[in-house]
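Chain letters run A, B, ... following the sequence lines, proteins first and then strands; every chain starts at 1. Basis for what follows: all heavy atoms, side chains included, without hydrogens, waters or symmetry-related copies.
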Amino acid sequence: MVKKDFVLEAEEGLHARPASMLAKVAMKFTCDIKLMKSGKSDKVFQPKSILSLMSVGAAKGERLTFVAEGDDEVQAMESISKLFASNFQG
Amino acid sequence: MHTIIGIPIAKGIAHGPVRIIHDTSMEAVERLGCNTVEEIQIFHDARNEAIGEIETIRLNTMKNIGEHESKIFEAHQSILEDPEMINQVEAYILEKACCAEWALTVVGNRIRAIFESMDNAYMKERAIDIKDITCRVVNLIMGHYSDVGSINEPYVLVGHDLTPSQTSTLETKYVKGIITEVGGKTAHSAIIATLLKIPYVVIEKGTTLLKDGDDVVFDGREGIVVVDPDQSCLDAYHAKEKQLVQEEEKYAGLKGKVCKTQDNMEVELIANISQIKDLDYIVKSDAKSVGLFRTEFIFMDQDRLPTEDEQYEIYKKITTAMSEGYVTIRTLDIGGDKESPLFNIPKEDNPFLGYRGIRLCLEEVEIFKTQLRAILRASAHGKIKIMFPMIATLTEIRETKSILDSCKKALDLEGNIYDKNIEVGIMIETPAAVVMADVFAKEVDFFSIGTNDLIQYTMAVDRSNLKISALYSQYDPAVLRNMKIIAEAANKENISVSICGEAAADIKLLPYWLGIGIHKLSMSVALIPEVKWTISQMTSTQGIEVVEALSKAGDVREVCNVTHHPPYTKKKVATKSIILGGYLLLDVL
C-alpha cells in the first residue's frame with residue numbers, strides 16, 4: 001500500500017477538466033485507488049470515477065490523500081504525482 | 001391546408017417534410033417488466049454511440065475553436081465511461097426491471113442533484129453537463145435524432161433551439177428549412193442559416209404545432225408556415241422562389257464592388273463578429289474591415305479567465321486575416337443580460353442599469369489591463385481600433401484612456417512593439433452619451449452607435465418584457481433624433497461615426513442613415529449583399545429628403561409612413577402588414 005498527500009494547485013479546484021485527466025490516469029492501473037480529503041477519512045472517493053472526483057468539491061489549496069493498493073500501486077502513485085506536479089497542464 | 005404565423009429570420013423558400021429534432025426537453029417514461037439483459041445491452045450500445053458522436057464534436061471543436069475548449073467534451077466522454085455511473089444504471093435496471101432510458105434518467109437526476117447541492121458555483125453549473133450527456137443517450141435509446149448530421153434526405157428541421165454542435169453539422173443538401181421555438185436574427189444559428197442560405201423562421205410552439213412528416217412550405221422573409229399546402233399554393237411559392245433567385249443574382253453582380261449610391265457617394269459596409277469561428281465567413285465576404293469585434297465569447301465559454309497570451313493569439317488571428325482593412329475590438333462588455341460565472345456580479349434589480357460594460361472594467365482593472373495589453377500587442381500585426389462600451393461620462397473616457405496609457409508605458413519598458421497611434425473610440429448607447437456627444441467627440445477618434453442598447457435606454461424599455469416591448473422600436477422618432485444628434489456631433493469634430501447595432505442593416509432606414517451623415521455601417525456579413533444592392537439603387541439626395549420628411553414625424557406610425565413608403569418612390573410596397581408586422585415582431589426579439 002502506498003499513501004501520499006497532495007495540495008491541489010489548480011486555479012478553479014477539481015473541476016471537470018482536471019477531474020477527467022485524473023480519472024483517465026487512474027483508470028490505466030489495476031490497483032485499487034482511494035481518495036480522501038486530508039484528515040477526513042470518513043468519506044472515500046473513487047479517483048477512477050470522474051463523477052466521484054467532481055463530487056469531492058475540492059477547491060484550490062485543499063490537501064488530498066491518495067491511497068493505492070495492488071500490483072501497480074507504485075506506478076499509479078507516480079503518475080498521479082506527475083499530474084499534480086504539472087498542475088494538470090499536460 | 002392551414003397556416004401558422006411565426007417570426008421571419010432568414011430568407012428563402014423552404015418546402016419539405018418536417019423532421020422534429022428533440023433536444024434536452026426529451027423525456028423518458030418508466031416502463032417496468034423489461035428484459036434486464038436486453039435493456040443493459042441497449043444502454044451500452046447507446047452509450048458507445050454517444051461517445052462516438054461526442055468524439056466528432058470534440059474534433060470539430062478542436063479544429064474550429066481550440067484545444068482548450070475541446071477539453072470539456074473529453075470530460076463528457078469520461079462521464080459516459082464512468083464506472084460509478086455505469087454501475088448505478090445497471091443496478092437500477094436489475095433492481096426494477098425497468099427500461100434503460102428510465103434508469104439513466106433516474107441516475108442522471110441523482111448525480112445532478114449532488115452537483116446542484118454544492119456550494120461551488122462552477123460545480124453547480126456542471127449539473128447542466130450531466131443533463132446534456134444523459135439526454136443525448138436517452139435520445140439515442142428512444143430513437144430520436146439528436147444530431148442533424150445523420151439524416152440523409154431533404155427535410156425541414158424543426159426543434160426547440162439549435163445547439164452549436166447541430167449548427168456546425170447542418171447539411172445544406174438536406175436541410176431545406178429551419179423552424180425553431182426560440183432564437184432571433186442575431187443568434188449564431190440565424191447567422192449561419194443566412195450564410196448557408198437556409199430559410200429560417202421562429203414559431204413559439206413549433207415542436208407541438210407540427211409533427212414528423214408534415215408537408216410544410218414557407219417564405220423565411222414572411223414567417224408564415226403553410227402546412228399541407230395544395231398545388232396552387234405550392235405554385236405560388238415556387239414563383240416566389242424564382243423571384244428570389246433573380247434577386248440573389250442581382251446581389252451577386254455587386255460582389256467585390258465598392259458600395260456606393262447612384263451619385264457615387266461611397267458607403268463603407270463592415271462586419272460584426274462575435275465568435276472567432278465565424279472569421280472564415282467574414283474573410284469570404286465583401287467586408288474589408290470589422291466594425292465590431294465582440295470579445296465576450298473569450299470570457300463566457302470558459303471556466304477561468306483567458307490569459308494575455310491567449311487573447312493576444314485571438315486578436316492577432318483576426319487582425320492578420322483582415323489585412324486589407326482594420327479590426328475594431330470592443331473591450332469586454334459583460335453584465336446586463338450577459339452573465340459570466342467568472343465575474344462576481346451580485347444579483348441586481350436592474351442589470352441593464354447596473355454593473356456592466358466599462359463600469360465593470362474600471363473596477364476589475366487587472367482583467368481590463370490584461371485585455372488592453374493583448375489588444376495593443378496584436379496591433380503590431382495590423383490595424384486595430386479599440387472601442388469602449390457603455391460610456392456615460394467624460395470621467396469614464398478619461399480614466400479608460402489613462403489605463404490604456406499606463407499599459408502602453410509598461411509595454412514600452414518591456415520593449416514590446418505596438419501601434420503607438422492606435423485609434424480609440426466609444427460606443428454611443430446611453431442617452432447621457434448622446435446629450436454629451438459634442439463634448440465626447442473632442443476626446444475620442446470615433447463613435448460607434450449600438451442601436452440595440454440605445455433604443456432600450458432612449459425608450460426606457462426592457463425589450464424582454466413582452467408587455468411593453470412594442471415601445472422598443474428603431475422607428476421611434478426619439479431614437480431617430482438621437483441618431484441625428486450623434487452623427488452631427490461626430491461630423492462637426494471630423495471624427496468617424498458608424499452604426500453597429502441591428503438597425504444598421506435595416507433596409508427601410510438606410511436613406512435616413514445616409515441623410516444624417518453616417519457612411520459606415522457594421523453588420524452581420526450575411527446582410528451585406530442586400531444592403532449593398534439597396535444603396536446602389538439610391539441617390540444621396542433621397543437621403544436628405546427622407547431626413548426632412550422624418551423631422552416632422554411624431555410617432556412610430558408617422559415614421560413608418562415615410563420609411564416604408566419613402567417620398568421618392570411611387571409604387572407601394574406589396575407585402576405591407578406582414579412585413580411590417582414582421583419587423584415589429586422582430587424588434588421585440
Side-chain angles (χ1 to χ4, degrees), chain A residues 7-37 40 42-64 66-70 72 76 79-80 83 86-90, chain B residues 51 54 58 61 66-89 104 107-134 301-307 309-310 340-343:
Chain A
V7 177
L8 186 65
E9 295 290 351
E11 205 52 50
E12 327 80 334
L14 200 57
H15 66 85
R17 260 182 297 112
S20 102
M21 290 166 86
L22 183 52
K24 253 189 201 161
V25 165
M27 287 240 255
K28 286 189 205 146
F29 301 96
T30 55
C31 63
D32 183 39
I33 312 176
K34 290 192 189 103
L35 160 64
M36 285 147 291
K37 287 192 180 182
K40 287 182 196 164
D42 55 322
K43 208 160 174 212
V44 177
F45 299 92
Q46 310 298 329
K48 291 184 185 181
S49 159
I50 181 176
L51 294 170
S52 178
L53 283 176
M54 285 167 73
S55 67
V56 177
K60 185 187 174 180
E62 191 113 40
R63 287 187 82 83
L64 302 170
F66 283 78
V67 179
E69 196 162 9
D72 47 7
S79 296
I80 294 171
L83 204 54
S86 74
N87 196 19
F88 298 92
Q89 293 304 312
Chain B
I51 292 173
I54 296 172
R58 190 183 71 82
T61 309
E67 195 181 335
H68 182 80
E69 290 77 4
S70 72
K71 283 265 162 72
I72 190 68
F73 295 110
E74 261 177 50
H76 282 197
Q77 289 173 323
S78 315
I79 291 172
L80 283 169
E81 284 168 358
D82 191 86
E84 187 140 325
M85 193 270 291
I86 294 172
N87 287 344
Q88 285 193 33
V89 173
L104 183 61
V107 171
N109 286 343
R110 217 187 263 165
I111 298 168
R112 265 167 61 200
I114 299 175
F115 284 105
E116 273 165 2
S117 68
M118 287 185 186
D119 291 336
N120 183 325
Y122 177 81
M123 288 299 175
K124 275 189 182 155
E125 296 245 323
R126 297 283 70 77
I128 299 164
D129 287 337
I130 307 289
K131 189 173 177 197
D132 271 3
I133 298 158
T134 46
D301 300 340
Q302 292 221 59
D303 44 33
R304 58 174 181 80
L305 286 168
T307 64
D309 282 344
E310 283 169 343
S340 167
L342 298 177
F343 297 91

### Message
Using the side-chain contact (heavy atoms from CB on, under 4.5 Å) criterion, which residues pair with A:T30? Sequence neighbours excluded.
### Response
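For A:T30, the residues satisfying side-chain contact (heavy atoms from CB on, under 4.5 Å) (neighbours in sequence not counted) are A:D72.
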
### Query
What pairs with A:K48 under salt bridge (charged side-chain N to carboxylate O under 4.0 Å, His left out), at least two apart in sequence or on another chain?
none

#### Entry: Part of B:I79 lying under 4.5 Å from any heavy atom of chain A
both

### Query
Any idea which heavy atoms bring B:E74 and A:K24 closest together, and the distance?
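Closest approach of B:E74 to A:K24, heavy atoms only: OE1-NZ, 3.2 Å.
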
### Task
Return the minimal non-hydrogen interatomic distance between B:A75 and A:I50, and the atom names on each side.
O-CD1, 3.9 Å

### Message
Quick check on side chain to side chain contact (heavy atoms under 4.5 Å, CB included): which of B:E81, B:M85, B:E84 does A:S49 satisfy it with?
### Response
B:E84

### Atom pair CG/CD of B:N87 and A:Q46 - distance to nearest 0.5 Å
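It comes to 10.0 Å.
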
### Neighbour count >12 (heavy atoms, 6.0 Å) for atom NZ, A:K34
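No, the 6.0 Å shell around NZ holds no more than 12 heavy atoms from other groups.
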
